[in-house]
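Structure first, then comments.
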Amino acid sequence: MTKRLIRVGHSPDPDDAFMFYALAHDKLDTGDLEFRHELQDIETLNRRALRGELEVTAVSIHACAFLLDKYALLPNGCSMATAMGRWSSPASRL
């Protein structure tokens with residue numbers, strides 16, 4: 001069976017590592033999908049997303065406005081950095 005490759009772009013930050021741990025360590029049955037994790041800084045991921053290079057990727061909130069024609073926002077939550085540090089919110093609260 002040929003597996004479909006899904007490239008997942010995310011940062012090496014602890015919050016992204018936590019979100020993708022199960023997928024990255026084969027803790028989930030992915031069926032006919034193969035996931036390749038591409039760890040890069042958010043600016044690089046923004047630029048790659050603008051070129052449509054990745055099937056799934058983290059991007060900055062600013063980049064979202066420019067990507068509505070290329071990507072769908074997934075309903076799995078987010079994390080954001082503020083001057084006071086990081087905070088996370090489940091999608092149901094957004």
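These figures come from a predicted structure and were not determined experimentally.
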Considering all heavy atoms of both residues, which atom of P12 and which atom of Q40 are nearest to each other, and what is their separation?
CD-O, 3.8 Å

Atom CD in E55, atom OH in Y71: separation rounded to 0.5 Å?
7.5 Å

Counting neighbours of NE2 on H62 that are heavy atoms of other residues, nucleotides or ligands and sit closer than 6.0 Å, is the number greater than 12?
no

E38 side chain reached by T57 side chain, heavy atoms, under 4.5 Å:
no

Give a yes or no on whether L73 and V59 share a hydrophobic cluster (residues Ile, Leu, Val, Met, Phe, Trp, Tyr; joining criterion: side-chain heavy atoms under 4.5 Å apart).
no

Which pair of non-hydrogen atoms, one from K70 and one from L50, has the smallest distance, and what is that distance?
CE-O, 3.0 Å

Can you tell me how far apart CZ (R36) and CZ (R7) are? Round to the nearest 0.5 Å.
7.0 Å

If you measure from CG on D41 to OG on S11, what distance do you get to the nearest 0.5 Å?
9.0 Å

One should read off an interatomic distance between S60 OG and I42 CD1, to the nearest 0.5 angstrom, of 6.0 Å

Considering only residues two or more places apart or on different chains, which pairs with a residue in residues 21-35 satisfy salt bridge (Lys or Arg N to Asp or Glu O under 4.0 Å)?
none

At what distance, to the nearest 0.5 angstrom, does CG of L67 lie from CG of N46?
7.5 Å

Please say which of L33, T30, L23 ends up in a side chain to side chain contact (heavy atoms under 4.5 Å, CB included) with I6.
L33

Parallel, tilted or perpendicular, as decided by the 30° and 60° cut-offs, for the rings of F20 and H10
parallel

Report yes if some heavy atom in the side chain of L54 is under 4.5 Å from a heavy atom in the side chain of V8; otherwise report no.
no

Contacts of type salt bridge (Lys or Arg N to Asp or Glu O under 4.0 Å), residue E53, not counting sequence neighbours:
R48, R51

